[in-house]
Amino acid sequence: MALAASEKKKPRDIAEIIIRRLRDEKGIIDRTDIAGPGFINFFLKDEYYHKLLKQIDKEGKDYGRIDIGKGEKVQVEFVSANPTGPLHVGHGRGAAVGDALSNLLAAVGYDVTREFYINDAGRQVKLLAQSVYSRYINKPIPEDGYQGAYIDEISDSARAVISGIKKGIYSEPIDNEGAATASQVISLNFPNISFEESEPFFAWHSKKRLLEEIRKDLEDFGVRFDNWFSEQSLLDDSSVKKSIEELKKRGFAYEKDDALWLRSTAFGDDKDRVVIKKDGSYTYLATDIAYHRNKLSRGFKKLINIWGADHHGYIPRVQAVIQAFGHPKDTLHILLVQLVAVLRHGKPVPMSKRAGDFVTLREVIQEVGSDAARFFFLMRRSDSHLDFDLELAKKQSSENPVYYVQYAHARLCSVEKQAEERGIKMPVADSVDFGLLKLPEEKNIMKQLALYPITIEGSARALEPHRITFYLQNLAGLLHNYYFHHRIITDDKPLTDARLVLMKGVRQVIKNALGILGVSAPEKM
RNA sequence: GCGCCUGUAGCUCAGUAGGAUAGAGCAACAGCCUUCUAAGCUGUGGGCCGGGGGUUCAAUUCCCUCCAGGCGCACCA
């Protein structure tokens, strides 16, 4: 149809020519026909699907793995929360998306590094320290400080650490930075101490506590990072300074009005951006310049940043940074994750970090479980709005799609167990007569299994892991339907064998796909 | 004011390198458990794909415009 205009022929005639010239080298096409305005339908031979079942059986957990990445190094940076409070549901969504995407890219042959950028420099950490300090000396938290029970907890633990250090029984392992802080603590006269004097201690302690908590939350959510990258380290090792020097050399940084600017307009940004302020301090962009330069220097061919959608205005300047360092714009992909609206009993839960009133990732994991939470976060395109109803996600019922899929897997495990108990061994795929699988339902299932690698590939290319949740729901639907209407274990041995291998394939694919999402595939429910 | 995202069934959302009769889940209604797990299955109803224009043989998909919602527009992070 696309050729009709240029070829000046009717679409149906062109279709006929294509079919006539078609060479089926692998001999997998059964027949073709021309439909509607000029579509060509290909019907594949049953043998194609039979081979597929053998392939799935043989490849097992590797079925669906392909190699479009060719071992290329990719970095996925996600969550990257300020260590100024516990992770909330929005971070959870970013974590689920980032982790699933990393799994996905690894499955298609990329060498993936997961990284958490710790925003541990600047004003936010100072505010955190100030908030904890205020609680420590029993004064009200400054208006723009952080509120919430966790501030009290950190303040209490600070108290314990101080007295521990004073008594010389500091039990926690102290890192280099902490050792310095410990000697500082001894020299200070707690609790009658000014914030200025004690800021290094409170900043260190608060940051440490929160990072531990963040790390634990993520681990309980099944997310592990290969690298935790500290923003502060870029200042400490003068990377920021060097990066800015390099930009100057390259002609993309200049001085104006006593400030230093990035010439981001050279790459399509609305205006140039300040890197060093009039007062000599750095903007957030300065560390980001150094950070992205660092990423590039580590040899990543592709960088993926997962950001909250509220940061979208920041995209052009970071893209500009990439280009200013001489790399193509599409080296960096920025995925926006819409913030999550949390509902409880259908009513929105107000979220404000400052007021300390927000639903944490931990609460969500505890309430609905890691599997349900991850699946929910991955059910929609990451840049679409997500309503997360805690009561709904908690329900262990059909309203909860994750159970629908997991149940399909558990059911099949149960069938295999049942077969085993009846003394039927799982047949060898090569010795099975798949020609016995004649039911339309069986054909549909085989087609869906054949679609799995394509789904993975498309999902990876588009950086859209949510497609896998849809695939899974479809496959589980076909399975449940088939299971209800037909028996797998029958008196007919050859048929039973064929069906067992088919079911094993379904189970394998469900397991593989859930694995990419980071959701468990239970054998019993 | 400028920019980005979103608008598809009652609800929550898939579907776009333009293509056949637009899909799923939930909710609603009516049914199905002596049989491998009923966290399941079957059936029914439900849509001017936000409005209007344009390009095209063909538009949910591309362009323009308007409306509605969200988010950005710092020498904050």
Side-chain angles (χ1 to χ4, degrees), chain A residues 1-2 4-5 10-11 35-39 41 82 84 119-127 144 231 256-261 269-288 308-316 336 338-339 341 343 346 376 379-389 392 395-422 424 461-462 464 466-467 469-471 473-474 476-477 479-490 496 499-500 503 522-525:
Chain A
M1 289 177 279
K10 288 183 205 160
F39 294 101
N41 290 322
N82 290 335
T84 53
N119 292 120
D120 57 357
R123 208 175 79 96
Q124 303 303 321
V125 170
K126 180 171 185 166
L127 268 177
D144 52 355
E231 179 186 6
K256 193 186 88 178
D257 303 335
D258 299 325
L260 187 93
W261 299 71
D269 196 6
D270 295 338
K271 51 181 176 180
D272 291 344
R273 308 288 172 172
V274 171
V275 180
I276 303 177
K277 292 182 251 178
K278 215 181 270 182
D279 67 4
S281 62
Y282 293 122
T283 63
Y284 186 79
L285 180 60
T287 43
D288 254 345
D310 53 338
H311 288 78
H312 74 253
Y314 206 76
I315 294 174
L336 296 179
Q338 273 292 347
L339 304 181
L343 311 176
F376 258 71
M379 264 172 22
R380 317 210 180 314
R381 257 193 14 231
S382 68
D383 63 353
S384 81
H385 296 91
L386 174 65
D387 285 338
F388 194 115
D389 193 314
L392 193 80
K395 277 192 195 166
Q396 302 216 342
S397 75
S398 54
E399 290 168 60
N400 212 335
V402 62
Y403 291 110
Y404 186 78
V405 175
Q406 288 183 317
Y407 183 51
H409 184 268
R411 260 189 157 168
L412 292 176
C413 288
S414 179
V415 171
E416 285 179 18
K417 206 172 146 229
Q418 187 69 220
E420 203 182 305
E421 278 169 14
R422 296 192 196 180
I424 305 165
R461 285 195 195 281
E464 291 184 351
H466 77 274
R467 295 186 188 190
T469 63
F470 282 88
Y471 173 85
Q473 290 180 84
N474 286 333
L479 183 275
H480 286 309
N481 174 292
Y482 177 66
Y483 179 91
F484 182 81
H485 292 284
H486 306 284
R487 295 192 61 79
I488 291 146
I489 302 168
T490 65
T496 301
R499 288 185 172 172
L500 278 175
M503 290 301 103
E523 297 185 2
K524 242 192 278 186
M525 285 174 77

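Just so it is clear, the model here is predicted, and its values are computed rather than measured.
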Identified pairing partner of [N], criterion: Watson-Crick or G-U wobble below 3.5 Å:
N: B:C29; value: B:G43
N: B:C4; value: B:G70
N: B:A9; value: none
N: B:U35; value: none

Expressed in angstrom and rounded to an integer, what is the separation of [X] atom [atom1] from [N] atom [atom2]?
X: A:Y314; N: B:C75; atom1: OH; atom2: C1'; value: 13 Å
X: A:K271; N: B:G3; atom1: NZ; atom2: P; value: 15 Å
X: A:I315; N: B:C73; atom1: CD1; atom2: P; value: 12 Å
X: A:L479; N: B:C36; atom1: CG; atom2: C1'; value: 12 Å
X: A:H466; N: B:U12; atom1: NE2; atom2: P; value: 17 Å
X: A:F470; N: B:A24; atom1: CZ; atom2: P; value: 12 Å
X: A:L386; N: B:C11; atom1: CG; atom2: C1'; value: 14 Å
X: A:Q418; N: B:C36; atom1: CD; atom2: C1'; value: 5 Å

Would you say [N] has OP1 or OP2 under 4.0 Å from some side-chain N or O of [X]?
X: A:Y483; N: B:U35; answer: no
X: A:H311; N: B:C73; answer: no
X: A:R381; N: B:U6; answer: yes
X: A:R499; N: B:C36; answer: no
X: A:T469; N: B:C13; answer: no

Do side-chain atoms of [X] reach the backbone of [Y] as a donor and acceptor pair under 3.5 angstrom?
X: A:H312; Y: A:A309; answer: yes
X: A:R499; Y: A:R487; answer: yes
X: A:D257; Y: A:A259; answer: no
X: A:T283; Y: A:V275; answer: yes

Name the nucleic acid region contacted by [X], choosing base, sugar-phosphate or nothing; use a 4.0 angstrom heavy-atom cut-off, strictly under.
X: A:K524; answer: base
X: A:T283; answer: sugar-phosphate
X: A:H486; answer: base
X: A:E523; answer: base
X: A:H480; answer: sugar-phosphate

[N] versus [M] - spacing of their [atom1] atoms, nearest Å:
N: B:A17; M: B:C63; atom1: P; answer: 14 Å
N: B:A58; M: B:U21; atom1: P; answer: 14 Å
N: B:G72; M: B:A9; atom1: C1'; answer: 32 Å
N: B:A20; M: B:A27; atom1: P; answer: 30 Å
N: B:U56; M: B:G18; atom1: C1'; answer: 9 Å
N: B:A68; M: B:A74; atom1: P; answer: 25 Å
N: B:G50; M: B:U6; atom1: C1'; answer: 11 Å
N: B:A22; M: B:C33; atom1: C1'; answer: 36 Å

Got a donor-acceptor pair under 3.5 Å from the side chain of A:N474 to the base of B:A14?
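No such pair is found, so the answer is no.
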
Note: for A:G313 and A:D272 on RNA chain B, the residue whose nearest nucleotide lies more 5' is A:G313

Which is more 5' along RNA chain B, the nucleotide nearest A:R380 or the one nearest A:E416? Just name the residue.
A:R380

Side chain of [X] only, please: which of [options] is the nearest?
X: A:Q124; options: B:A77, B:C4, B:C75; value: B:A77
X: A:Y404; options: B:G72, B:C41, B:C13; value: B:C41
X: A:R487; options: B:A20, B:C36, B:G72; value: B:C36

Distance-only side-chain donor-acceptor flag, A:Q124 / A:T84, under 3.5 Å
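Checked: A:Q124/A:T84 side chains show no N/O donor-acceptor pair below 3.5 Å.
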
Hey, is B:C4 sitting syn or anti, using the within-90° cutoff around 0?
anti

From A:I489 atom CD1 to A:E420 atom CD, the distance as rounded to the nearest 0.5 Å:
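It is 10.5 Å, given to the nearest 0.5 Å.
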
Would you give the length of the straight line joining atom CZ of A:R381 to atom CG of A:L336, rounded to the nearest 0.5 angstrom?
11.5 Å

Aromatic ring pairing A:F470/A:H466, orientation class (parallel under 30°, perpendicular over 60°, tilted between)
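Perpendicular, since the angle between the ring planes exceeds 60°.
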
